[in-house]
Amino acid sequence: MATKRILSGMRPTGKLHLGHLVGALENWVSLQSAYLNYHLIADYHALTTDLESSELENNSLEMVIDWLSAGIDPNKSILFRHSQIKEHAELHLIFSMLITTSRLERNPTLKEQVRDLSIENISYGHLGYPVLQSADILLYKGEVVPVGDDQLPHLEITRDIARKFNNQYGKVFPEAEPLITKFSRLPGLDGGQKMSKSLNNTILISDNPENVITKMKSAVTDPLKIKRNDPGRPDVCTVFTYHTKFNTNEEKEIRGGCESGSLGCVECKLKCAAAVSNSIAPIVEKRIQLEKSPATIWDILYDGETKARKVAEQTMQEVRSKMKLGILK
Ligand code: ATP
Ligand code: MG
């Protein structure tokens, strides 16, 4: 019986991309049997960068379809929206007393987001993103958190908060450990540091082969390889990074061809597009089936939220008891 708990979530801001897949989702799938997995749809967190909420429900549905298509099994993993379990808001409030604003202002992930999205005035809730995330993780006593590397600073904050709570009121929470993959920051098609929805540099895990080709053709490669026969530098090329993940069989040959100049970028991109499409083909196929039955997805969430709520209520009782905050006698 699996007992160690995994907790990890994603913001429902649209369909998932390859970064989500290789940075987190693949790990979730492969760890389903060895751990007890809780996966949350961080719909409140989506409000940090976009107050428009009318698409949240639909985006949540699309994201769960992506999760299931990629191999998440609802019989093994518990799936839920944090907005449906009020204990998240309650624990977030208590945790917000256990961390200083200067600590939150130093958060490098926040600074990156402010820069990338040109945010001029940050909201109180956005500053507190990692505090709500700490509540998300610790309500379920998550011990292992499989995430991309942009989340590591948030995990440090989660550990600090757990430590502070345990020292102040008595032990309730574990110190959650991150688990990252080899591709914990997949670069975007624009050659930028991170594939990201908001940067519009993504390939979706639901993209069909034609779309993958079109997008791959736009990818930025080694700027010094101008003509077909110029020797290239695979180590600075985004497309080569994708080969190292999705086309391991041909990786060596592609490196050789690029470095010698015998392989041009167009051909290299087409090979890469084919390899990516090949890898995501089972996801695309399964998605077509799942899209036909949204009612099933809502049932899965209803079931997951019922299970998650029970655990969250128990943890909050423990918290209230340790803090001597009016437990009903
Ligand atoms: P986007 O940056 O595309 O808007 P996001 O960062 O808002 O997406 P999150 O819900 O914060 O999406 O991320 C979900 C998970 O996917 C996190 O664990 C995050 O670290 C991981 N992730 C997102 N983008 C990448 C990437 N390019 N490479 C690796 N992991 C990633
Ligand atoms: Mg993010």
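Atoms within a ligand are numbered from 1 in the order they appear, just like the ligands themselves.
Within the structure, ligand 1 lacks His45 among the residues with a heavy atom less than 4.0 angstrom away.
Contact atoms of ligand 1 toward Ser198: 4 (O) (distance under 4.0 Å to a heavy atom of the residue). Using a 4.0 Å cut-off to heavy atoms of Gly23, the atoms of ligand 1 that qualify are 29 (C), 30 (N). Residue Arg185 approaches ligand 1 through these ligand atoms, each under 4.0 Å from one of its heavy atoms: 28 (N), 29 (C).
The shortest N or O to N or O distance between Asp149 and ligand 1 is not under 3.5 Å. An N or O contact shorter than 3.5 Å links Met195 to ligand 1 by distance. Taking distance alone, with nitrogen or oxygen atoms compared against 3.5 Å, Phe183 stays at or beyond that limit from ligand 1. Every N/O-N/O distance between Ser8 and ligand 1 stays at or above 3.5 Å. For a threshold of 3.5 Å applied to N or O pairs, the pair formed by Val147 and ligand 1 contains no separation below that value. An N or O contact shorter than 3.5 Å links Asp150 to ligand 1 by distance. Residue Gly148 has at least one nitrogen or oxygen atom sitting less than 3.5 Å from a nitrogen or oxygen atom of ligand 1, judged on distance alone.
For Pro12 against Asn59, the heavy-atom pair with the smallest separation is O-CB, 3.2 Å. Nearest heavy atom pair, residue Arg287 against residue Ser69, reads CA-OG, 3.4 Å. Closest of all the heavy-atom pairs between Asp43 and Leu56 is O-CD1, 3.9 Å.
Ring orientation note: the planes of Phe80 and Tyr140 are tilted relative to one another, at an angle of 30° to 60°. Taking the six-membered ring for Trp and thresholds of 30 and 60 degrees, His45 and Tyr129 have nearly parallel ring planes, at less than 30 degrees apart.
Aromatic pair Phe165/Tyr169: centroids less than 6.0 angstrom apart.
Looking at Glu143, Arg5, Lys76 one by one, the single match for side chain to side chain contact (heavy atoms under 4.5 Å, CB included) with Leu36 turns out to be Arg5. Applying the side chain to side chain contact (heavy atoms under 4.5 Å, CB included) test between Arg255 and each of Asp235, Leu263, Thr244 identifies Asp235 as the sole match.
Looking at Gln151, His20, His17, Arg11 and measuring to atom 17 (C) of ligand 1, the nearest heavy atom belongs to Gln151.
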